[in-house]
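The structure displayed is predicted, hence computed values, not measured ones. Because only heavy atoms are used, hydrogens play no part in the values below, and waters and symmetry mates are left out as well, while side chains stay in.
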Amino acid sequence: MQDIIYMKDLRVQTIIGIFGWEREVRQEVSIDLEMEFDCKRAAKTDAIEATIDYQKLTKGNDKYVEESEFKLQEHLA
């Protein structure tokens with residue numbers, strides 16, 4: 001059984017929408033991430049290298065969303 005890690009309310013500015021004004025103005029989107037991850041080793045050892053690098057993960061997510069210009073939220077998701 002995998003554990004689940006939740007990251008809630010990550011806020012990022014991006015171009016998203018179908019209307020003309022939406023294609024010109026950056027809007028804030030809020031993202032919740034849910035990831036399966038086996039936390040047993042990290043829980044047992046208390047070692048930072050045994051877990052997910054949350055900073056790297058959020059920076060990668062932010063970069064992807066900021067550079068995107070999707071029309072639909074469904075496509076972004």
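Distance alone, capped at 3.5 Å, is enough to place a donor-acceptor pair between the R26 side chain and the E66 backbone. A distance-only check finds no donor-acceptor pair linking the side chain of D38 to the backbone of Q2 [under 3.5 Å]. Although no hydrogens or angles enter the test, the distance criterion places a donor-acceptor pair under 3.5 Å between the side chain of R23 and the main chain of E69. T51 places no side-chain N or O within donor-acceptor distance of the main-chain N or O of I48, the cut-off being under 3.5 Å. Counting only distance, with no hydrogens or angles, the side chain of T14 and the backbone of S68 share a donor-acceptor pair below 3.5 Å.
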**OP:** Might you work through the side chain to side chain contact (heavy atoms under 4.5 Å, CB included) test for M7 and M35, ending with a clear yes or no?
**Re:** CA-CA 9 Å; M7 299 180 79; M35 299 161 287; 3.7 Å; yes

Subject >> Residue pair E22, Q27: steps toward the side chain to side chain contact (heavy atoms under 4.5 Å, CB included) verdict >> reply: CA-CA 8 Å; E22 293 176 311; Q27 300 179 71; 3.7 Å; yes

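How far CG of D62 is from CD of E67: 11.0 Å, rounded to the nearest 0.5 Å. If you take NZ on K8 and CD1 on I31, they are separated by 13.0 Å, rounding to the nearest 0.5 Å. Atom CG of L10 is separated from atom NZ of K59 by 13.5 Å, given to the nearest 0.5 angstrom. Here CG of L33 is found 12.5 Å from OH of Y6. Values are rounded to the nearest 0.5 Å. Rounded to the nearest 0.5 angstrom, L76 CG and Y64 OH are separated by 6.5 Å.
In this structure the side chain of F37 reaches within 4.5 angstrom of the side chain of I5, judged on heavy atoms. Between R11 and V29, every side-chain heavy-atom pair lies at or beyond the 4.5 Å cut-off. L72 has its side chain within reach of I18: a pair of non-hydrogen atoms, C-beta onward, lies under 4.5 Å apart.
Residue E28 places its CD atom among more than 12 non-hydrogen atoms of other residues, nucleotides or ligands, all under 6.0 Å distant. For D9, the CG atom counts as densely surrounded, since its 6.0 Å shell holds more than 12 non-hydrogen atoms of other residues, nucleotides or ligands.
In terms of heavy atoms, D3 sits closest to C39 at OD2-N, 2.8 Å. Nearest approach of K71 to I16, heavy atoms of both residues: O-CG1, 4.2 Å.
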